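This one's a predicted model, so the numbers in the text were calculated from it and none came from an experiment.
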Amino acid sequence: MSGTNGNRLHEGIDWVGYVDWTVRDFHGYDTERGATYNAYLVRDEKTALIDTVKEPYAGTLLARVAALVDPAAVDYVVVNHAEPDHAGGLPQVLAALPRAKVVCNARCREALGEHFDTAGWDFHVVATGDELPLGKRQLRFIDTPMVHWPESMFTYLPEERLLFSMDAFGQHLASTQRFDDGLEPGLAMAEARTYYANIVLPYGRQVAKTLAAAAELDIAMIAPSHGVIWRRGVASILAAYADWAAHRPRPRVVVAYDTMWDSTGRMARAITEGAAGAGVEASLHHVRHTTLTRLVTEVMEAAGVAFGSATLNAGMMPMAAAALTYLRGLRPRNKAAFAFGSYGWGKGGPEAVDAVLDEMGWERIREPLRVRYRPGDEDLVACRQAGEELARRALALVAEHGEPGRG
Ligand code: FEO
């Protein structure tokens, strides 16, 4: 665990959250590197706690606060987001901070009332543009609805050019490091990408509005509710969010499949070879040998997707269905795609996949590619050609939408 100084953002502003080293399942998200629930303490003439932590870890947060300040002297608890990974510890925290008012927007007050008995809580309701003076510093509030829940908001501290951004710009990543520049290069961005794909992806339009609001702020540091604080990479993460919110594709093809006796697997490998030969980066994913978390992260930035399933009981295989259900909910856009798969005495697998690709609004470049029982040489040639065709269409889509600006 970092010492106090490692947790210090500025004189009088400290991280007081919890590092969850062992969590591997965050409501279905595979948190391979663990997670953090970040909370911050701002001490001035008035003292404000920004967010809390998951309920079991409220005691750790309170101990960190007590090491810095008399808990009875905390004036405000700002609630940027009511989801239980940040507000779950609120009842225990408020019980230990007798003076603290709960600072949140009207929707958050309502959401907190749905989660907890808030009858005795002293609320100070704020809206976009409101300011809360703390002494030499002040807090300013900006509503960011649907990033990630309806009541979400940012808290900005202009004197330090510091944005407390709750889920936005976060990463699931346990570390003793508190800042992006303390990690190996690229790691914070890679985990931010996974986080965006699995949590924020459906809300691109709202993210774009939030980025427009953020563009009016002078930002030197972004302190999210998960993972490390952006200090060196502020411009990079803002640019990455702009690309992701615009669903700007990269010249990549993802081939995902489930298979029974490897016929659909052989097709998948031939499609991958064909796509790679046509000038894109292609990757192959057996849906039972990867995670949904990883798969949607790959799909998010790909311009082309080939999705395959063998036929089982006149439909697709169950894990193919699970993967497509997850993808459909997250609504990745701007994809060229086609369905493929094998069948025996009755069709159904590739056709069922094709119906979901259509529902997602992806551009289907061809009819489902089917093989009866076992792909022969001619079938595999057709698979390679379909992969090439997908790659060509993917490259055209990238040109239409413009190459992502981030390195
Ligand atoms: Fe980290 Fe939407 O909660």
Return a table of donor-acceptor pairs under 3.5 angstrom between the side chains of residues 307-320 and protein atoms on other chains or two or more places apart.
unit_1	atom_1	unit_2	atom_2	d
Ser309	OG	Met317	N	2.9
Thr311	OG1	Ser342	O	2.8
Thr311	OG1	Gly349	N	2.9

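- Applying the side chain to side chain donor-acceptor pair (under 3.5 Å) test to residues at least two apart or on different chains, none of the pairs has a partner in residues 111-121.
- Sequence neighbours left out, the pairs with a member in residues 343-355 that pass salt bridge (charged side-chain N to carboxylate O under 4.0 Å, His left out) are Glu351-Arg370, Asp354-Arg364.
- In this structure, Tyr196 and Leu201 have side chains that are in contact, with non-hydrogen atoms separated by less than 4.5 Å.
- When side chains are defined from C-beta on, Pro145 counts as touching Arg107, because their heavy atoms get closer than 4.5 Å.
- Looking only at side-chain heavy atoms (C-beta outward), Leu112 and Cys104 come within less than 4.5 Å of each other.
- Nearest heavy atom pair, residue Ala382 against residue Leu369, reads O-CD2, 4.3 Å.
- Nearest approach of Leu295 to Ala323, heavy atoms of both residues: CD2-CB, 3.9 Å.
- Ion pairing of Arg232 with Asp180 is absent here, as no side-chain N (NZ or NE/NH1/NH2) approaches a carboxylate O to less than 4.0 Å.
- Listed by chain and number, the residues in a ring-ring contact (aromatic ring centres under 6.0 Å, His included) with Trp362 amount to none (sequence neighbours excluded).
- In this structure, the side chains of Val93 and Leu62 come closer than 4.5 Å at one or more pairs of heavy atoms.
- One N or O on the side chain of Thr31 and one on the backbone of Val23 form a donor-acceptor pair closer than 3.5 Å.
- Every pair passing salt bridge (charged side-chain N to carboxylate O under 4.0 Å, His left out) that includes a residue from residues 314-343 is listed here, sequence neighbours excluded: Arg328-Glu359.
- Legend: residues meeting ring-ring contact (aromatic ring centres under 6.0 Å, His included) with His285, ordered by chain and number and at least two apart, are absent.
- Here His286 pairs with Tyr257, His289 under the ring-ring contact (aromatic ring centres under 6.0 Å, His included) rule; sequence neighbours left out.
- Side-chain atoms of Ile219 and Trp230, non-hydrogen and from C-beta on, never get closer than 4.5 Å to each other.
- Atom CZ in Phe164 sits 5.5 Å away from atom CD1 in Ile13 (nearest 0.5 Å).
- Between Arg43 and Asp14, at least one side-chain nitrogen of the basic residue sits less than 4.0 Å from a carboxylate oxygen of the acidic one, meeting the salt-bridge criterion.
- Under the 4.5 Å side-chain criterion, counting only non-hydrogen atoms from C-beta, His10 is not in contact with Glu159.
- Here ring-ring contact (aromatic ring centres under 6.0 Å, His included) pairs that include residues 330-352, with residues two or more places apart or in two chains, number zero.
- Gln171 and His226 form no side-chain donor-acceptor contact under 3.5 Å, judged by distance and modelled atom types alone.
- Of all non-hydrogen atoms in Asp51 and Met166, the two that sit nearest each other are OD2-CB, 4.5 Å.
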Test salt bridge (Lys or Arg N to Asp or Glu O under 4.0 Å) on Asp85 and Lys54; report intermediate values, then the result. CA-CA 4 Å; Asp85 49 332; Lys54 228 172 172 176; over 6 Å; no
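- Applying the salt bridge (charged side-chain N to carboxylate O under 4.0 Å, His left out) definition to pairs two or more places apart or across chains, those involving residues 133-145 are Glu131-Arg140, Arg137-Glu160.
- For residues 255-269, every residue pair satisfying the salt bridge (charged side-chain N to carboxylate O under 4.0 Å, His left out) rule, not counting sequence neighbours, is listed here: Asp258-Arg288, Asp262-Arg269.
- Partners of Tyr29 according to the ring-ring contact (aromatic ring centres under 6.0 Å, His included) rule, which considers only residues two or more places apart in sequence or in another chain, are His172.
- Evaluation of the side-chain hydrogen bond (donor to acceptor under 3.5 Å, both in side chains) rule for Asn38 yields Trp15, Thr36, Tyr40 as partners, not counting sequence neighbours.
- Contact between Cys108 and Ala82 at its shortest, heavy atoms only, is SG-CB, 4.1 Å.
- Residue Val77 is tested with Thr52, Val103, Ile50 for a side-chain contact (heavy atoms from CB on, under 4.5 Å); the sole match is Thr52.
- The shortest side-chain heavy-atom distance between Thr297 and Asn198 falls under the 4.5 Å cut-off.
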